[in-house]
Trainee: 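Below is the structure I would like to discuss, written out as structure tokens.
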Amino acid sequence: MTNPKRVFSGVQPSGNLTIGNYIGAIRQWVERQQEFDACYCVVDAHAITVPYEPQTLQTKTREVAALYLAAGLSTDYATVFVQSHVPQHTELAWYLTCITSLGWLNRMTQFKDKSARLETEMIGAGLLNYPVLMAADILLYQTELVPVGDDQRQHIELARDIAQRFNATFGETFTIPAAMIPLEGARVMGLDTPTTKMSKSTTDSQYHAVYLLDEPDTVLKKFKRAVTDSLADIRFSADPERAGVNNLLTIFQALTHQNAEGVEAHFAGKGYGHLKTEVAEVVIETLRPIQQHYAELMAEGGYIDRVLAEGAAKAQVIATQTVADVKGRMGFLLPAL
Ligand code: AMP
Ligand code: TRP
């Protein structure tokens with residue numbers, strides 16, 4: 001048997017996880033975990049690149065890890081850990097920063113969007129360097145595949161560019177990673193603004209995102225308020241005017257694993273009210289076992305922290321090897337043993 005492919009991905013412990021995070025990323029991790037040698041990380045060092053509350057970072061970090069497990073990740077297959085528990089992430093990020101062009105970073109659309117939206121004069125250099133840290137996360141484990149939503153495509157291209165530049169400069173060191181983006185639901189849109197991505201940090205409207213820990217009533221209420229159009233025609237469409245209906249159908253399709261024709265046939269002749277209720281029901285039934293499992297995991301005092309400690313110890317073994325290799329190739333004097 002060939003060795004399973006190395007996979008790495010992560011979610012930031014900022015805000016509450018949404019069904020966008022689940023459909024775009026976490027669901028893939030769970031469904032294919034047995035095929036891969038996977039590391040799933042809670043990327044807390046990324047969460048401090050925008051203003052945040054130090055009092056809630058720990059709680060959020062534990063919560064995201066618990067949601068990974070509640071969604072079905074098993075430590076039998078996957079290594080689950082916290083980024084800041086393995087200091088080689090930030091160490092490698094510095095080495096990679098020194099071979100990353102400013103031009104590459106200035107082109108990142110997520111940096112442009114986030115820095116434009118920040119309501120503060122102080123934009124930290126960490127926000128610009130964010131994708132280098134992400135490249136370090138990926139390259140540290142000689143990752144082949146990175147399962148993420150569509151919005152991360154450009155960051156993974158950058159990780160490839162950085163790896164190629166490093167290999168060309170210092171000799172073959174890093175595996176060149178590739179993005180693994182789901183065919184359906186790679187970009188779940190906001191329910192209130194279906195032309196913008198559903199995001200866990202958008203707090204303007206309580207009807208924007210559905211969170212993984214939302215109560216069934218709340219989920220239903222949010223879907224009932226979802227923006228649609230006046231055409232009363234339930235079909236997939238790339239027309240921005242029809243983005244709301246398209247988004248509801250996409251969520252339904254991703255969670256019921258049907259093809260587009262099957263979904264359209266299912267809703268043929270039905271009204272938007274019906275569509276919204278039915279999508280809400282599918283989401284509620286998807287979340288129910290996750291929420292139940294989450295409550296059980298959190299009730300077991302210290303369990304999540306133990307899983308994370310074991311995960312970090314496993315990750316550290318690979319991380320240490322890679323960083324030693326990188327330092328040797330870059331010409332650093334290594335400490336005597
Ligand atoms: P973040 O919330 O930025 O930490 O994203 C964590 C993961 O969820 C990444 O793989 C994202 O691509 C994915 N993701 C976040 N929001 C969405 C969305 N609205 N639709 C699909 N995937 C998403
Ligand atoms: N930037 C990713 C996001 O916001 C999170 C992330 C950080 C990540 N490091 C990663 C995803 C490494 C995949 C691999 O969605």
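All values below were derived from every heavy atom in this structure, side-chain atoms included, with hydrogens, water molecules and symmetry-related copies excluded. We count ligands from 1, going down the list as the structure has it; atoms in each ligand are counted the same way.
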Trainee: Report yes or no: does a heavy atom of Ile23 sit under 4.0 Å from some atom of ligand 1?
Mentor: no
Trainee: Counting non-hydrogen protein atoms only, what is the nearest one to atom 23 (C) of ligand 1? Give residue, atom name and distance.
Mentor: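 Among all protein heavy atoms, the one nearest atom 23 (C) of ligand 1 is Gly20 O, 3.3 Å.
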Trainee: Do any N or O atoms from the side chain of Gln83 and from the backbone of Asp137 form a donor-acceptor pair under 3.5 angstrom?
Mentor: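 Such a contact is absent between Gln83 side chain and Asp137 backbone.
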Trainee: Looking at Lys221 and Asp217, is there a salt bridge between them, counting it only when a charged N and a carboxylate O are closer than 4.0 Å?
Mentor: no
Trainee: Under 3.5 Å between any N/O of His155 and any N/O of ligand 2: does that happen in this structure?
Mentor: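 N/O-N/O distance below 3.5 Å does not exist for this pair.
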Trainee: Determine whether the side chains of Glu296 and Tyr303 contain a donor N or O and an acceptor N or O closer than 3.5 Å.
Mentor: no
Trainee: For a 4.5 angstrom cut-off between non-hydrogen side-chain atoms, does Met198 reach Arg187?
Mentor: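 Met198 does not reach Arg187 side chain to side chain.
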Trainee: Using distance alone, determine whether Gln12 and ligand 2 share an N or O pair under 3.5 Å.
Mentor: yes
Trainee: I'd like to check which ligand 1 atoms, numbered from 1 as shown, lie under 4.0 Å from a non-hydrogen atom of Arg187.
Mentor: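 Once the distances to Arg187 are compared, the set is 20 (N), 21 (C).
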Trainee: Please report which non-hydrogen protein atom sits nearest to atom 5 (C) of ligand 2, along with the residue it belongs to and the distance in Å to one decimal place.
Mentor: Gly10 O, 3.6 Å
Trainee: Under 30°, 30 to 60°, or over 60°: which ring-plane class applies to His89 and Phe81, parallel, tilted or perpendicular?
Mentor: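 Tilted.
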Trainee: Considering only the protein, which heavy-atom contact is closest to atom 9 (N) of ligand 2, and what is its distance?
Mentor: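 Ranked first by proximity to atom 9 (N) of ligand 2 is Asp137 OD2, 2.6 Å.
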Trainee: Distance check, rounded to the nearest 0.5 Å: Leu67 atom CG versus Asn21 atom CG?
Mentor: 9.5 Å
Trainee: Quick check: Asp151 and ligand 1, any N/O pair under 3.5 Å apart?
Mentor: yes
Trainee: Minimum distance, heavy atoms only, to atom 10 (C) of ligand 2: which one of His89, Met134, Lys200 is it?
Mentor: Met134
Trainee: Looking just at side-chain N and O atoms, do Thr61 and Asp44 make a donor-acceptor pair shorter than 3.5 Å?
Mentor: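 Result is no, nothing qualifies.
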Trainee: Using heavy-atom distances, let me know which of Asn21, Val148, Thr196 sits nearest atom 6 (C) of ligand 1.
Mentor: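 Looking at heavy atoms only, the winner is Asn21.
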Trainee: With a cut-off of 4.0 Å, which atoms of ligand 1 are near a heavy atom of Met198?
Mentor: 16 (N), 18 (C), 19 (N)
Trainee: Output the list of atoms in ligand 2 that are nearer than 4.0 Å to some heavy atom of His46, sorted by atom number.
Mentor: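 Counting from 1, the qualifying ligand atoms are 7 (C), 9 (N).
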Trainee: Would you say Val188 has any N or O atom under 3.5 Å from an N or O of ligand 1, going by distance alone?
Mentor: yes
Trainee: When you look for heavy atoms under 4.0 Å from ligand 2, do you find them on the side chain of Asp151, its backbone, both, or neither?
Mentor: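 Under 4.0 Å from ligand 2, Asp151 contributes no heavy atoms.
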Trainee: Which heavy atom of the protein is the closest neighbour of atom 12 (C) of ligand 2, given with residue, atom name and distance?
Mentor: Phe8 CE2, 3.5 Å
Trainee: Relative to the heavy atoms of Ala25, which atoms of ligand 1 are at a distance of less than 4.0 Å?
Mentor: 7 (C), 8 (O), 10 (O)
Trainee: Tell me if the centroids of the rings in Phe36 and Trp29 come within less than 6.0 Å of each other.
Mentor: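 Centroid distance Phe36-Trp29: not below 6.0 Å, so no.
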Trainee: Parallel, tilted or perpendicular: which fits the ring planes of His274 and Phe267, with parallel below 30° and perpendicular above 60°?
Mentor: perpendicular
Trainee: To which protein heavy atom is atom 1 (N) of ligand 2 closest, and what is the distance rounded to 0.1 Å?
Mentor: Tyr130 OH, 2.6 Å
Trainee: Do ligand 2 and Gln110 have nitrogen or oxygen atoms that lie under 3.5 Å from each other?
Mentor: no
Trainee: Would you mind running through ligand 1 and noting each atom that sits below 4.0 Å from a heavy atom of Lys197?
Mentor: 18 (C), 19 (N)
Trainee: Check this for me: does any side-chain nitrogen of one of Asp192 and Arg225 sit under 4.0 Å from a carboxylate oxygen of the other?
Mentor: no
Trainee: Quick one: does ligand 1 sit under 4.0 Å from the side chain of Gln12, the backbone, both or neither, non-hydrogen atoms only?
Mentor: both
Trainee: Counting from 1, what ligand 2 atoms have a heavy atom of Ile138 closer than 4.0 Å?
Mentor: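 Result: 12 (C), 14 (C).
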Trainee: Check this for me: does any side-chain nitrogen of one of Asp37 and Lys5 sit under 4.0 Å from a carboxylate oxygen of the other?
Mentor: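 Salt bridge absent between Asp37 and Lys5.
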Trainee: Taking only heavy atoms of Val146 into account, list the atoms of ligand 2 that are under 4.0 Å away from them.
Mentor: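 With Val146 as reference, the close atoms of ligand 2 come out as 13 (C), 14 (C).
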Trainee: Is the distance between the ring centroids of Tyr40 and Tyr77 under 6.0 Å?
Mentor: no
Trainee: Please report the interatomic distance CG(Leu297) to OH(Tyr68), rounded to the nearest 0.5 Å.
Mentor: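 OH of Tyr68 is found 14.5 Å from CG of Leu297.
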Trainee: How does Met189 reach ligand 1, if at all, at less than 4.0 Å between non-hydrogen atoms: by side chain, backbone, both, or neither?
Mentor: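 No part of Met189 comes within reach of ligand 1.
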Trainee: Hey, which atoms in ligand 1 end up nearer than 4.0 Å to a heavy atom of Gly185?
Mentor: 21 (C)
Trainee: Does any part of the side chain of Ile318, heavy atoms only, come nearer than 4.5 Å to the side chain of Tyr141, both counted from C-beta?
Mentor: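 With C-beta onward as the side chain, the pair touches.
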Trainee: Between Val148 and ligand 2, find which residue part has any heavy-atom pair under 4.0 Å and reply side chain, backbone, both or neither.
Mentor: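 It is the side chain that gets close, since no backbone atom is under 4.0 Å.
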Trainee: Run the numbers on Gln110 and Gln154 for side-chain hydrogen bond (donor to acceptor under 3.5 Å, both in side chains), then give the verdict.
Mentor: CA-CA 9 Å; Gln110 200 162 81; Gln154 197 186 29; over 6 Å; no
Trainee: Is there a polar contact, in the sense of an N or O pair closer than 3.5 Å, between Lys200 and ligand 1?
Mentor: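 Yes; at least one N/O pair falls below 3.5 Å.
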Trainee: Which ligand 1 atoms, with their elements, are less than 4.0 angstrom from a heavy-atom of Ala186?
Mentor: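 What qualifies from ligand 1 is 20 (N), 21 (C), 22 (N).
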Trainee: Ion pair present between Arg62 and Asp305, side-chain N to carboxylate O less than 4.0 angstrom?
Mentor: yes
